[in-house]
Asks: 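First, the structure itself, so that you have it in front of you.
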2 protein chains.
Amino acid sequence: MSKFYGIGVGPGDSELITIKAANILKEIDILVTPQPKKDGKSLAHKIASPYLNENLEVKERHFPMNFNKEELETAWDNIASEIITDVKSGKNVGFVTLGDPMVYSTYIYILKRMIGKIDITTIPGITSFNNIAADQNFPLVEDKEALVVVPCTMDEEKIDKILKENTNLVLMKVYKNFKNIIELIRKNNLMDSAILVSNSSKGDEKVYRNLENLNEEKISYFSTILINKGWNN
Amino acid sequence: MSKFYGIGVGPGDSELITIKAANILKEIDILVTPQPKKDGKSLAHKIASPYLNENLEVKERHFPMNFNKEELETAWDNIASEIITDVKSGKNVGFVTLGDPMVYSTYIYILKRMIGKIDITTIPGITSFNNIAADQNFPLVEDKEALVVVPCTMDEEKIDKILKENTNLVLMKVYKNFKNIIELIRKNNLMDSAILVSNSSKGDEKVYRNLENLNEEKISYFSTILINKGWNN
């Protein structure tokens, strides 16, 4: 029976996808790739490229990168119904997504529109923060501590509270509100328990091991801060 | 130059390790595997088995599964110094660990004893909770919410507070204090936003989609609860 596969391709390096994901990429008939701009291959598509078969049909579908809810919902509706039609016509369809499909991914919005309608298999992927932690030999969490993953699009007051109450944190999406986030980290005396990594596993990585030395005004879209209050950086 | 590799082998299925991990497993000279009991292959070793080369030397080293700090520290000291000696003598040494090496892993204790002494490369792995979420098509976290990963060996009061204040949670190590954890989930009206999975990706998986239907007194060591207050299970 034909199926839909949601495939996590990991953080950037094509070798950081799972063997399972690579095998499925070889077998599918159609690959749907999310395209942030109207031209150019998506990063998820590039990561998957070494594993794709010659006869594969690639459908690059535009995902609007804005906050117009109506436009977004229409885009997701259209992509989901196109996939459902393809699977029902007997094709195995894959959808690639950066990192892990169930962690802050557009895949979730597509998935919601397909559950119960077609057969769905989701393949996990290495998240950016798991990759950064391994790459920097920086432990995320041990023992009886909680690990809190915070999108920095959240209210600043909430982020401040989370920084105070927890020992092990991952701050994602730091680019938008970057200066204020650094200020919050300074205020909480966490500058030397934190590490900032931009473009991990993407060829032009930058690592800041002590945020006191950081004098960037802006920072790359793919930037993540790890904090471990018990780790001497 | 010879190196030490800390290798995350993922949750159980040998296909859920990364291509990078599989390639490194083929190349190493010595594999150190953590052995929970004095006999029997460790699960991490079994997962890695398909990728090991014929000439590999396997060193099964006993890790005590108790809370005697002195005994634990001695075991870690011994394993770390054996690895350092082997790497300095020109061998490439690998150490396999379940899930991801930087998330609640004994690997962290070994790592701490080796940083600065030998060349170390850590390879990330799929965590049990990323795997369960993908496998069950259960989104972990979206948008502006935080994801909180909680080890249930933590104080019950703290767990209760975290359950109240957050929308997206992963509860790990639930086997020990199982009845009380279920009671906390019930008290917080989260029974139908939660899913419990035991032995995911390990051949004898059990899935409970609504915890009201759960009438187990005990639960497997490898059990995880996912909670998403915004997800209709």
Side-chain angles (χ1 to χ4, degrees), chain A residues 6 8 10-11 13-23 51 100-105 107-109 111-112 115 120-127 129-151 153-155 158-159 161-162 165-166 168 170, chain B residues 6 8 10-11 13-23 51 100-105 107-109 111-112 115 120-127 129-151 153-155 158-159 161-162 165-166 168 170:
Chain A
D13 179 344
S14 290
E15 289 209 335
L16 285 176
I17 80 167
T18 64
I19 296 192
K20 195 167 198 165
N23 288 342
Y51 313 106
D100 181 80
M102 294 309 190
V103 177
Y104 303 114
S105 166
Y107 174 70
I108 298 171
Y109 307 117
L111 177 70
K112 284 179 181 171
I115 284 181
I120 302 168
T121 293
T122 306
I123 307 296
I126 302 288
T127 64
F129 57 86
N130 282 112
N131 180 55
I132 290 169
D135 212 38
Q136 300 301 321
N137 289 321
F138 188 98
L140 285 171
V141 66
E142 297 169 49
D143 206 17
K144 293 183 185 176
E145 301 299 340
L147 174 66
V148 188
V149 184
V150 183
T153 46
M154 192 185 253
D155 270 9
K158 273 196 192 177
I159 298 174
K161 184 170 181 284
I162 290 173
E165 294 182 353
N166 296 278
N168 295 69
V170 174
Chain B
D13 179 345
S14 291
E15 290 209 334
L16 285 176
I17 80 169
T18 64
I19 293 184
K20 196 166 197 167
N23 288 342
Y51 312 108
D100 181 79
M102 294 308 190
V103 177
Y104 303 114
S105 167
Y107 173 70
I108 297 171
Y109 307 116
L111 177 70
K112 283 178 182 171
I115 284 181
I120 302 168
T121 293
T122 307
I123 308 295
I126 304 287
T127 64
F129 58 86
N130 281 113
N131 180 55
I132 290 169
D135 211 38
Q136 301 300 323
N137 289 319
F138 188 97
L140 284 172
V141 66
E142 299 169 47
D143 208 16
K144 295 183 185 177
E145 301 299 341
L147 174 65
V148 188
V149 183
V150 184
T153 45
M154 191 185 253
D155 269 8
K158 272 196 191 175
I159 299 175
K161 183 169 182 282
I162 291 173
E165 293 182 352
N166 296 278
N168 295 69
V170 173

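Sequence lines set the chain letters: A, B, ... in the order given, protein chains first and strands last, and positions in each chain run from 1. On a predicted model such as this, the values are computed, not experimentally measured, just so you know.
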Asks: Please table the atom pairs, donor to acceptor, closer than 3.5 Å between any side-chain atom in residues 138-146 of chain A and protein atoms at least two apart or in another chain.
Replies:
{"unit_1": "A/Glu142", "atom_1": "OE1", "unit_2": "B/Lys112", "atom_2": "NZ", "d": "3.0"}
{"unit_1": "A/Glu142", "atom_1": "OE2", "unit_2": "B/Lys112", "atom_2": "NZ", "d": "3.1"}
{"unit_1": "A/Glu145", "atom_1": "OE1", "unit_2": "A/Thr167", "atom_2": "OG1", "d": "3.0"}

Asks: With a 4.5 angstrom heavy-atom cut-off, could you sort out which part of A/Ile159 is near chain B: side chain, backbone, both or neither?
Replies: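 Contact with chain B: none, neither part.
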
Asks: With sequence neighbours excluded, what pairs up with A/Pro101 under the side-chain contact (heavy atoms from CB on, under 4.5 Å) test?
Replies: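 side-chain contact (heavy atoms from CB on, under 4.5 Å) list for A/Pro101, sorted by chain: A/Thr97, A/Tyr107, A/Thr122.
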
Asks: Can you name the closest pair of heavy atoms from A/Pro124 and B/Asn130 and give their distance?
Replies: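 The answer is CB-O, 3.8 Å.
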
Asks: Kindly give the heavy-atom pair with the smallest separation between A/Thr18 and B/Glu15, and that separation in Å.
Replies: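 Minimum heavy-atom contact is CB-O, 3.7 Å.
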
Asks: Quick check: do B/Ile19 and A/Ile19 have side-chain heavy atoms less than 4.5 Å from each other?
Replies: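 Yes, at least one pair of side-chain atoms sits under 4.5 Å.
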
Asks: Using a cut-off of under 4.5 Å for heavy-atom pairs, which of A/Val150, A/Val148, A/Ile17, A/Asn137 has the most such pairs with chain B?
Replies: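 It is A/Asn137.
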
Asks: Most heavy-atom pairs under 4.5 angstrom with chain A, which of B/Thr153, B/Ile123, B/Asp135?
Replies: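 Top count of heavy-atom pairs under 4.5 Å with chain A: B/Thr153.
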
Asks: Under 4.5 Å from any heavy atom of chain B, what part of A/Asp100 do you find: side chain, backbone, both or neither?
Replies: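 Answer is side chain: those atoms of A/Asp100 sit under 4.5 Å from chain B.
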
Asks: Quick check for you: to the nearest 0.5 Å, what is the distance between B/Met102 atom CE and A/Asn168 atom CG?
Replies: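 B/Met102 CE to A/Asn168 CG: 12.5 Å, rounded to 0.5 Å.
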
Asks: Is A/Asp155 in contact with chain B via its backbone, its side chain, both, or neither, using a 4.5 Å heavy-atom distance?
Replies: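 A/Asp155 has no heavy atom closer than 4.5 Å to chain B.
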
Asks: Could you tell me which portion of A/Leu111 (side chain, backbone, both or neither) has an atom closer than 4.5 angstrom to a non-hydrogen atom of chain B?
Replies: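 Interface part for A/Leu111: side chain.
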
Asks: Can you tell me which portion of B/Ile108 sits under 4.5 Å from chain A's heavy atoms? Options are side chain, backbone, both or neither.
Replies: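 Contact with chain A: side chain only.
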
Asks: Contact part of A/Asn23 toward chain B, heavy-atom cut-off under 4.5 Å: side chain, backbone, both or neither?
Replies: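 A/Asn23 touches chain B through side-chain heavy atoms alone.
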
Asks: Less than 4.5 Å to any heavy atom of chain B: does that hold for the side chain of A/Phe129, its backbone, both, or neither?
Replies: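 Contact with chain B involves no heavy atom of A/Phe129 at all.
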
Asks: Checking A/Ile126 against B/Ile126 for the side chain to side chain contact (heavy atoms under 4.5 Å, CB included) test, could you report, in this order, the C-alpha distance in whole Å, the side-chain angles of both residues, the deciding distance, and whether it holds?
Replies: CA-CA 6 Å; A/Ile126 302 288; B/Ile126 304 287; 4.0 Å; yes

Asks: Based on non-hydrogen pairs under 4.5 Å, which of A/Lys158, A/Met154, A/Gln136 is most in contact with chain B?
Replies: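 The candidate making the most pairs under 4.5 Å is A/Met154.
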
Asks: Which atoms of A/Ala133 are under 4.5 Å from chain B, going by heavy atoms: the side chain, the backbone, both sets, or neither?
Replies: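 Interface part for A/Ala133: both.
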
